[in-house]
Amino acid sequence: MGKNSLGIKQFLKEDLTIACVYHEYQTNYKDDYTVSLCKEDNTNGVFDTSKYQWEVYKVDVNDKLGVINTWQKIWLDEENHKINRVYDFDFEQYKPNGEISIAVAIF
């Protein structure tokens with residue numbers, strides 16, 4: 001098991017929300033971007049999401065490929081012009097209760 005997996009398990013035991021943040025998009029999801037793993041922290045900074053509107057997709061946590069399948073739905077929604085993404089940053093949110101959601105910034 002990798003260091004990230006152990007860290008995530010520890011944070012979830014501490015009842016902290018984990019975020020996987022996608023940012024520094026070169027153009028869109030088909031090009032280069034940066035991924036950062038973050039944890040909820042009540043003492044440092046704020047994860048400010050007020051700059052954008054968000055389309056939030058719930059992940060089927062009973063599906064082993066739930067996160068991947070949800071991203072495929074997002075990409076399909078984008079290709080079908082159901083959403084118009086900003087490509088500043090997006091994030092997956094992993095709650096201590098097991099819920100997972102993906103939030104994409106939209107115009």
Side-chain angles (χ1 to χ4, degrees):
M1 188 177 300
K3 264 202 293 192
N4 284 342
S5 295
L6 292 173
I8 290 170
K9 285 185 180 203
Q10 181 61 40
F11 298 147
L12 292 175
K13 280 184 188 175
E14 295 173 17
D15 245 7
L16 298 174
T17 297
I18 306 297
C20 180
V21 182
Y22 299 83
H23 56 105
E24 296 179 350
Y25 286 100
Q26 197 164 33
T27 56
N28 60 27
Y29 72 92
K30 296 178 182 179
D31 214 334
D32 291 338
Y33 53 86
T34 301
V35 179
S36 299
L37 194 58
C38 308
K39 71 175 175 102
E40 182 178 35
D41 184 341
N42 293 327
T43 60
N44 294 321
V46 175
F47 188 69
D48 185 9
T49 59
S50 65
K51 186 175 177 181
Y52 301 111
Q53 293 181 325
W54 297 89
E55 187 71 33
V56 179
Y57 294 79
K58 287 192 170 266
V59 173
D60 179 358
V61 296
N62 295 312
D63 178 359
K64 285 185 177 186
L65 298 176
V67 172
I68 293 168
N69 290 336
T70 303
W71 275 113
Q72 288 176 340
K73 164 112 174 78
I74 292 165
W75 300 327
L76 186 61
D77 283 356
E78 183 176 15
E79 289 174 19
N80 290 330
H81 306 288
K82 291 182 179 179
I83 60 172
N84 187 11
R85 292 179 60 191
V86 173
Y87 283 106
D88 185 11
F89 73 96
D90 307 298
F91 60 97
E92 297 168 5
Q93 190 172 47
Y94 296 81
K95 297 278 192 176
N97 66 4
E99 292 179 4
I100 303 171
S101 61
I102 300 175
V104 292
I106 59 172
F107 288 102

Mind telling me whether W54 and Y52 have parallel, tilted or perpendicular rings, with 30° and 60° as the class edges? perpendicular

Mutual orientation of the aromatic rings belonging to Y29 and Y87 [parallel < 30°, tilted 30-60°, perpendicular > 60°]: parallel

Gap separating the [atom1] atom of [X] from the [atom2] atom of [Y], nearest 0.5 angstrom:
X: T49; Y: Q93; atom1: OG1; atom2: CD; value: 9.0 Å
X: W75; Y: K30; atom1: CH2; atom2: NZ; value: 10.0 Å
X: I106; Y: D90; atom1: CD1; atom2: CG; value: 10.5 Å
X: H23; Y: D88; atom1: NE2; atom2: CG; value: 10.0 Å
X: L37; Y: I18; atom1: CG; atom2: CD1; value: 6.0 Å
X: C20; Y: F91; atom1: SG; atom2: CZ; value: 11.5 Å

Does V35 share a hydrophobic cluster with I68, counting links as ILVMFWY side-chain heavy atoms below 4.5 Å and allowing steps through other members? no

Test log, rule side-chain hydrogen bond (donor to acceptor under 3.5 Å, both in side chains), inputs N69 and D60: CA-CA 9 Å; N69 290 336; D60 179 358; over 6 Å; no

Which heavy atom of [X] sits nearest to which heavy atom of [Y], and what is that distance?
X: V61; Y: G98; value: CG1-O, 3.2 Å
X: W71; Y: E92; value: NE1-OE2, 2.7 Å
X: I102; Y: V67; value: CD1-O, 4.0 Å
X: P96; Y: T17; value: CD-OG1, 3.7 Å
X: S101; Y: V56; value: CB-CG1, 3.9 Å

Does any N or O in the side chain of N80 come within less than 3.5 Å of the main-chain N or O of K82, such that one atom is a donor and the other an acceptor? no

Derivation and outcome, side-chain hydrogen bond (donor to acceptor under 3.5 Å, both in side chains), residues Y57 and E55: CA-CA 7 Å; Y57 294 79; E55 187 71 33; 4.9 Å; no

Residues in ring-ring contact (aromatic ring centres under 6.0 Å, His included) with Y33, at least two apart? Y22, Y25

